[in-house]
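Report on one structure; see the data block that follows.
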Amino acid sequence: MIEQLTITTARLVLTPLQIDEAGELEASLGDPQVMRYVGSALSRAEIDAAMPDLVRRGGGGALGIWLAREKAGGAVVGDGVLLPLPIEVDDTEWHLLDGGASFPPRDIEVGYILREAAWGNGYATEICRALLAFAFRQTPLEQVVAVTDPDNAASKHVLAKCGLIDHGLRRAYAETVTDFRISRATWQEQRNLLRDDGEK
């Protein structure tokens, strides 16, 4: 079990999602504009029903969903995930997160969903970078992937800024999506180049 699952960035604190935090997800998962490229907006009842799955963790706690709050004031801005990537099904295969220390035999996806009020502040990039750093510093993962709707230019831009490389189209979530990937070696090379900019 990884001892420290709270992740901090310059402006945010990411904590593992808890069963009583369904209300914190409603502003993002219930917003059709936010969910435009992700799936249908969910009602509060649907979010409540999904919570037992949404709080599941695997890989000794390293896989799952984190709620992201601003350090200043504690406002929720959205969430970030490290989850097994589904291929020919349209949702995460939650049964793969069994609470144990093993990592499922799937690509592990980094992702994020932000409340509309938090858009345009660079939070998606901050969340994605933080989860990549966590994955490559705290877990044995050699690669992290991300997928996005081919029409989602904003998300493609975020992933490219975070160092993930566009590998064209692939299948995931039972759809054709754009495939991004980054290896541990590539991430480390990028970190070495950024050290002169004061990043740690």
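Treat the numbers as computed from the prediction; the structure is a model and nothing was measured.
- Annotation: side chain of E116 is in contact with side chain of V34 (closest heavy-atom distance under 4.5 Å).
- Only one option out of D151, T148, I113 pairs with Y37 in a side chain to side chain contact (heavy atoms under 4.5 Å, CB included); it is D151.
- Taken to the nearest 0.5 Å, the CG atom of L17 stands 9.5 Å off from the CD atom of E24.
- At least one side-chain heavy atom of E142 sits under 4.5 Å from a side-chain heavy atom of R184.
- The heavy-atom pair separating W94 from D53 by the smallest distance is CE3-O, 3.3 Å.
- No side-chain heavy atom of L82 sits less than 4.5 Å from a side-chain heavy atom of E109.
- The line from CG of L83 to OG1 of T92 is 5.0 Å long, rounded to the nearest 0.5 Å.
- Inter-residue side-chain proximity for V110 and F180 is flagged as unmet; no heavy-atom pair is nearer than 4.5 Å.
- Heavy-atom contacts from other residues, nucleotides or ligands closer than 6.0 Å to CZ of R36 number 12 or fewer.
- Here the CD-CG distance, from Q143 to D107, works out to 6.0 Å after rounding to the nearest 0.5 Å.
- In this structure, the separation between CG on L63 and CG on D98 is 10.0 Å, given to the nearest 0.5 Å.
- Side-chain contact between V38 and L29 is absent, with no heavy-atom pair separated by less than 4.5 Å.
- Rounding to the nearest 0.5 Å gives a distance of 12.0 Å between CD1 of I7 and CD of E126.
- Between W66 and F134, the two ring planes are perpendicular [angle over 60°; tilted spans 30° to 60°].
- Contact of the I87 side chain with the R170 side chain is registered, since non-hydrogen atoms from C-beta on lie closer than 4.5 Å.
- Side-chain contact between M51 and L25 is present, with heavy atoms from C-beta onward closer than 4.5 Å.
- The environment of H167 atom NE2 is dense: over 12 non-hydrogen atoms of other residues, nucleotides or ligands sit within 6.0 angstrom.
- The shortest non-hydrogen separation linking L97 to R56 is O-NH1, 3.5 Å.
- Residue L169 holds its CG atom at 5.5 Å from OG1 of T178, rounded to the nearest 0.5 Å.
- Using modelled atom types and a 3.5 Å distance limit, the side chains of Y112 and S155 yield a donor-acceptor pair.
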